[in-house]
Each structure stands twice: as C-alpha cells, then as structure tokens.
Amino acid sequence: RRQRQMCIRDRMKRAHTFGLDVRFDEHTFTFFIADATTNTVVAPPPMNIPTVEAWLDDYEKEAAEE
C-alpha cells in the first residue's frame, strides 16, 4: 500500500510540473487529470495509475515538440 501511495505522489508531482493536477474520483475509484489553473478536466476518468503515466508521457512529448 505504501508503494502505491508513493507511486501516486510521484505522478502528482510530475503532473504539477506541467500545471496539472492528478485527482481521485471517490465515486468511481478512478483518477482524472485537471488543469490546475482553470480547474478544467483535461483527461477524464476512468484512469488508473498506468493510464495516468502513459497520458503524462504523451503530454510531455507533445510539450517538447512545441
């Protein structure tokens, strides 16, 4: 359980570098990603940890290309 919490925190920190928040939907027990400034969902649920990581990988690649 502790490793999973660390994994989630790592993804949250990574998202913050892009101005994003990884959030947990308590009703569906899944994650989603929101823009921290506008509070707009940019990657809707349902997402699990591997999906969040893959989405952040793609986002990082697109940001590097711009």
Side-chain angles (χ1 to χ4, degrees):
R1 179 181 164 117
R2 186 163 173 84
Q3 276 185 324
R4 185 173 59 190
Q5 288 176 339
M6 293 298 286
C7 183
I8 294 167
R9 286 188 185 130
D10 289 344
R11 301 309 172 265
M12 293 174 103
K13 288 179 185 176
R14 184 174 173 207
H16 282 288
T17 65
F18 300 115
L20 303 170
D21 285 331
V22 176
R23 299 184 186 162
F24 184 71
D25 183 348
E26 294 178 2
H27 300 287
T28 62
F29 299 102
T30 57
F31 295 91
F32 64 97
I33 300 173
D35 183 293
T37 305
T38 63
N39 201 33
T40 304
V41 174
V42 294
M47 297 178 84
N48 57 22
I49 298 293
T51 307
V52 169
E53 187 168 359
W55 193 92
L56 289 172
D57 287 343
D58 290 343
Y59 190 87
E60 188 172 24
K61 286 177 189 173
E62 288 179 22
E65 291 174 359
E66 291 179 357

Legend entry - ring pair (Phe, Tyr, Trp, His ring centres under 6.0 Å) partners for Phe32, two or more places apart: none

Legend entry - Hydrophobic cluster identity match, Val22 and Val41, side-chain contacts under 4.5 Å: no

List the atom pairs, with distances to 0.1 Å, where a side-chain N or O of residues 50-66 and a protein N or O form a donor-acceptor pair under 3.5 Å, not counting sequence neighbours.
from  : atom 1 : to    : atom 2 : distance (Å)
Thr51 : OG1    : Asn48 : OD1    : 2.6
Glu53 : OE1    : Arg11 : NE     : 3.4
Glu53 : OE1    : Arg11 : NH2    : 3.0
Asp57 : OD1    : Arg14 : NH1    : 3.0
Asp57 : OD1    : Arg14 : NH2    : 2.6
Glu60 : OE1    : Arg14 : NH2    : 2.9

Inset, instruction - Could you note down all residue pairs passing salt bridge (Lys or Arg N to Asp or Glu O under 4.0 Å) where residues 22-46 supplies at least one of them, sequence neighbours left out? - result: Asp21-Arg23

Legend entry - Inter- and intrachain pairs under salt bridge (Lys or Arg N to Asp or Glu O under 4.0 Å), touching residues 36-47, at least two apart: none

Inset, instruction - Could you list the residues that satisfy side chain to side chain contact (heavy atoms under 4.5 Å, CB included) with Thr40, not counting sequence neighbours? - result: Thr38

Inset, instruction - Hey, could you give me the CE/OG1 distance between Met12 and Thr17, rounded to the nearest 0.5 Å? - result: 13.0 Å

